[in-house]
**Q** 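A single structure is presented below for examination.
The structure presented is a predicted model; accordingly, all values stated were derived computationally and were not measured. Atoms within each ligand, like the ligands themselves, are counted from 1 in listed order.
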Amino acid sequence: MIRIAIQAKGRLNESSLSLLNSVGMDIDTTKRKYLAKSPDFPLEVLYLRDDDIPQTVSSGAADIGIVGYNEVAERGFAVNVEQELCFGQCRVSLAIPKSETYTGPEYFNGRKIATSYPNILGKWLADNGINSEIHEIAGSVEIAPSIGVADGIFDIVSSGGTLAQNSLQEVETVLESQAVLISNPGISAANRAILEQLKFRFQSIIDAGGKKYLLMNIPTSAVDEAIRIIPAMRSPTVMPLALKGWSSLHSVVSGKDLWDKVDQLKKIGAEGILVLDLEKIIK
Ligand code: PRT
Ligand code: ZN
């Protein structure tokens, strides 16, 4: 039995649960119990505040956990980062009032910075030889400059909307973050085996992220050209149609390339193009 700590509620909760569900862990979320067992896999889920996940995994109270890398870096507990999970993307950045002119890291010399991430900030300041006063606050960091509590802030930024609303400009990105799978460094051999199986399943979801499955009919004479446009994972599948001179072609493309590829394929005669969402890619 492996025990995984995930966020009880908040930004990472839904994606963590849906990742577990999509790899076959049927967790009863309606009960929202402290511990939920998966009937399909030897796994117990522990619901925690994200702040407590690194310590819980480091101490062995949970074997593994899903948490933002920013929390792992800030808390400094001994855990192994096993996998980047490609959700919860954000950055931890320094920001100052829009009305100010930024002159580089030395801008912060002798100034006061409000943050909930004093350790990450302290390290960046030391690395850059800057002497600032760190003002640690738990929430609503972004209002600190406007109420005169600090000169700048160090906080999580995603779209940048919160900074803009508070007339702040982002001046340094100190840490890039996303949700990561972490493990206890002393995890047992039996649980390591379960963890590897879980990582393999997670990877199939991550690899499918944003990819599309394409099916189309195409004149057989244009098949070679189509294969140059969409190389696929190994090579596209081509099957003859009952209609002479026509083939059916199947392939996988990344979501961002989809429309470009579809335009090119139409130009060489592709018809009846179907686009399907991909759930998993098992390598
Ligand atoms: O209750 P608990 O302690 O578990 O949750 P929490 O309130 O501490 O954390 P939560 O749920 O807000 O965030 C959990 C994790 O999500 C963080 O540790 C990050 O790894 C990740 N994450 C991703 C974010 C954001 N994006 C994000 N935008 N965490 C916070 N924000 C906040 C940020 O603090 C700021 O106030 O959103 C605002 C900025 O967003 P934009 O889009 O306006 O730039
Ligand atoms: Zn928290």
**Q** Please check if a non-hydrogen protein atom sits closer than 4.0 Å to atom 7 (O) of ligand 1.
**A**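 Looking at atom 7 (O) of ligand 1, one finds that no protein heavy atom lies closer than 4.0 Å.
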**Q** Above 12 or not: heavy atoms from other molecules or residues under 6.0 Å from NZ of Lys98?
**A**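 Above 12, so yes.
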**Q** Between ligand 1 and Tyr69, is the shortest N or O to N or O distance under 3.5 Å?
**A**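 There is no such contact.
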**Q** Which one of Val252, Leu276, Ile273 satisfies the side-chain contact (heavy atoms from CB on, under 4.5 Å) criterion with Leu214?
**A**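 It is Ile273, the one option of Val252, Leu276, Ile273 that forms the side-chain contact (heavy atoms from CB on, under 4.5 Å) with Leu214.
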**Q** Could you list the atoms of ligand 1 found under 4.0 angstrom from a heavy atom of Leu12?
**A**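 Result: 15 (C), 16 (O).
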**Q** By number and element, which atoms of ligand 1 are closer than 4.0 Å to a non-hydrogen atom of Asp51?
**A**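 Result: 3 (O), 8 (O).
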**Q** Has Asp50 got an N/O/S atom less than 2.8 Å from the Zn ion (ligand 2)?
**A**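 A backbone or side-chain N, O or S atom of Asp50 is under 2.8 Å from the Zn ion (ligand 2).
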**Q** Establish, from distance only, whether the side-chain atoms of Tyr69 and Glu84 form a donor-acceptor pair under 3.5 Å.
**A**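 Absent: no donor and acceptor within the cut-off.
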**Q** Is Gln165 close enough to touch ligand 1? Criterion: a residue heavy atom under 4.0 Å from a ligand atom.
**A**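 Flag not set, Gln165 not near ligand 1.
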**Q** Quick one: does any side-chain atom of Asn109 pair with a main-chain N or O of Asn131 as donor and acceptor, under 3.5 Å?
**A**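 A pair under 3.5 Å: yes.
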**Q** Which heavy-atom pair separates Ser58 from Asn184 by the least distance, and what is that distance?
**A**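 Scanning both residues, the minimum pair turns out to be O-ND2, 3.1 Å.
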**Q** For Gly161, counting its heavy atoms only, list the atoms of ligand 1 lying under 4.0 Å from any of them.
**A**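 Going through ligand 1 atom by atom, the ones under 4.0 Å from Gly161 are 43 (O), 44 (O).
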**Q** So if I count the atoms of ligand 1 from 1 in the order they appear, which ones are less than 4.0 Å from some heavy atom of Gly68?
**A**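 So the atoms of ligand 1 that pass are 20 (O).
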**Q** Name the closest protein heavy atom to atom 12 (O) of ligand 1, giving the residue it belongs to and the distance to 0.1 Å.
**A**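 In this structure, atom 12 (O) of ligand 1 has Arg11 NE, 3.1 Å as its nearest protein heavy atom.
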**Q** Please determine which of Ile134, Ile130, Leu94 meets the side-chain contact (heavy atoms from CB on, under 4.5 Å) test together with Ile113.
**A**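 In the set Ile134, Ile130, Leu94, the residue that makes a side-chain contact (heavy atoms from CB on, under 4.5 Å) with Ile113 is Leu94.
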**Q** Got the closest protein heavy atom to atom 33 (C) of ligand 1, with its distance?
**A**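 Residue, atom and distance for the closest contact: Ile156 O, 3.5 Å.
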**Q** Under a 4.0 Å heavy-atom limit, does Arg49 contact ligand 1 with its side chain, its backbone, both, or neither?
**A**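 Looking at Arg49 and ligand 1, atoms from backbone and side chain both fall under 4.0 Å.
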**Q** Does a salt bridge link Lys212 with Asp257, judged by any charged N lying under 4.0 Å from a carboxylate O?
**A**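 Looking at Asp257 together with Lys212, the answer is no, because their closest N to O distance does not fall below 4.0 Å.
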**Q** What I want to find out is whether Glu170 reaches Arg91 closely enough, with some N-O distance under 4.0 Å, to be called a salt bridge.
**A**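 Salt bridge between Glu170 and Arg91, a charged N being under 4.0 Å from a carboxylate O: yes.
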**Q** Taking atom CH2 of Trp246 and atom OG of Ser221, what is their separation to the nearest 0.5 Å?
**A**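 Rounded to the nearest 0.5 Å, the CH2-OG separation comes to 8.5 Å.
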**Q** With a heavy-atom distance limit of 4.0 Å, tell me whether Ser159 approaches ligand 1 through its side chain, its backbone, both, or neither.
**A**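 Both backbone and side chain.
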**Q** Nearest protein heavy atom to atom 14 (C) of ligand 1, by residue and atom, and its distance?
**A**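 Answer for atom 14 (C) of ligand 1: Asp50 OD2, 3.4 Å.
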**Q** At a 4.0 Å threshold, what atoms of ligand 1 neighbour a non-hydrogen atom of Lys9?
**A**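 Numbered from 1, ligand 1 contributes 4 (O).
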**Q** Which ligand 1 atoms are under 4.0 Å away from a heavy-atom of Gly10?
**A**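 What qualifies from ligand 1 is 11 (O).
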**Q** Are any of the side-chain nitrogens in Glu82 or Lys199 under 4.0 Å away from the carboxylate oxygens of its partner?
**A**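 Salt bridge between Glu82 and Lys199, a charged N being under 4.0 Å from a carboxylate O: yes.
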**Q** Does Asn70 approach ligand 1 within less than 4.0 angstrom via side chain, backbone, both or neither, non-hydrogen atoms only?
**A**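 It is the side chain that touches ligand 1; the backbone stays farther off.
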**Q** In sequence, state the C-alpha distance, the side-chain angles, and the governing distance for Asp127 and Lys123, and then conclude on salt bridge (Lys or Arg N to Asp or Glu O under 4.0 Å).
**A** CA-CA 6 Å; Asp127 288 350; Lys123 187 176 177 309; 2.9 Å; yes
**Q** With carbon and hydrogen excluded and only N/O/S kept, which atom of Asp51 is nearest the Zn ion (ligand 2)?
**A**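 Asp51's closest N, O or S atom to the Zn ion (ligand 2) is named OD1.
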**Q** What atoms of ligand 1 come within less than 4.0 Å of a heavy atom belonging to Val157?
**A**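 What qualifies from ligand 1 is 44 (O).
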**Q** Indicate whether the side chain of Ser204 and that of Asp207 have a donor and an acceptor atom separated by less than 3.5 Å.
**A**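 No donor-acceptor contact under 3.5 Å links the two side chains.
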**Q** Please report which non-hydrogen protein atom sits nearest to atom 26 (N) of ligand 1, along with the residue it belongs to and the distance in Å to one decimal place.
**A**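 Nearest protein contact, heavy atoms only, for atom 26 (N) of ligand 1 is Cys90 CB, 3.6 Å.
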**Q** Is it the case that the side chains of Asn70 and Tyr117 hold a donor-acceptor pair, with the cut-off being a distance below 3.5 Å and no angle test?
**A**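 Looking only at side-chain atoms, Asn70 and Tyr117 do form a donor-acceptor pair, the distance falling under 3.5 Å.
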**Q** Verify the distance criterion only: is there a donor paired with an acceptor across the side chains of Glu142 and Asn166 at less than 3.5 Å?
**A**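 Checked: Glu142/Asn166 side chains show no N/O donor-acceptor pair below 3.5 Å.
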**Q** In ligand 1, which numbered atoms sit nearer than 4.0 Å to a non-hydrogen atom of Thr162?
**A**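 Reading through ligand 1 atom by atom, the close ones are 38 (C), 39 (C), 40 (O), 41 (P), 43 (O).
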**Q** Flag Gly160 as yes when one of its N or O atoms lies below 3.5 Å from any N or O atom of ligand 1, and as no otherwise.
**A**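 Yes: some nitrogen or oxygen of Gly160 is under 3.5 Å from one in ligand 1.
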**Q** Using heavy atoms and a threshold below 4.0 Å, how should the contact between Gln178 and ligand 1 be classified: side chain, backbone, both, or neither?
**A**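 Gln178 to ligand 1: no contact under 4.0 Å from either part.
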**Q** Tell me: protein heavy atom nearest atom 5 (O) of ligand 1, and distance?
**A**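 Atom 5 (O) of ligand 1 sits closest to the protein heavy atom Gln7 NE2, 2.9 Å.
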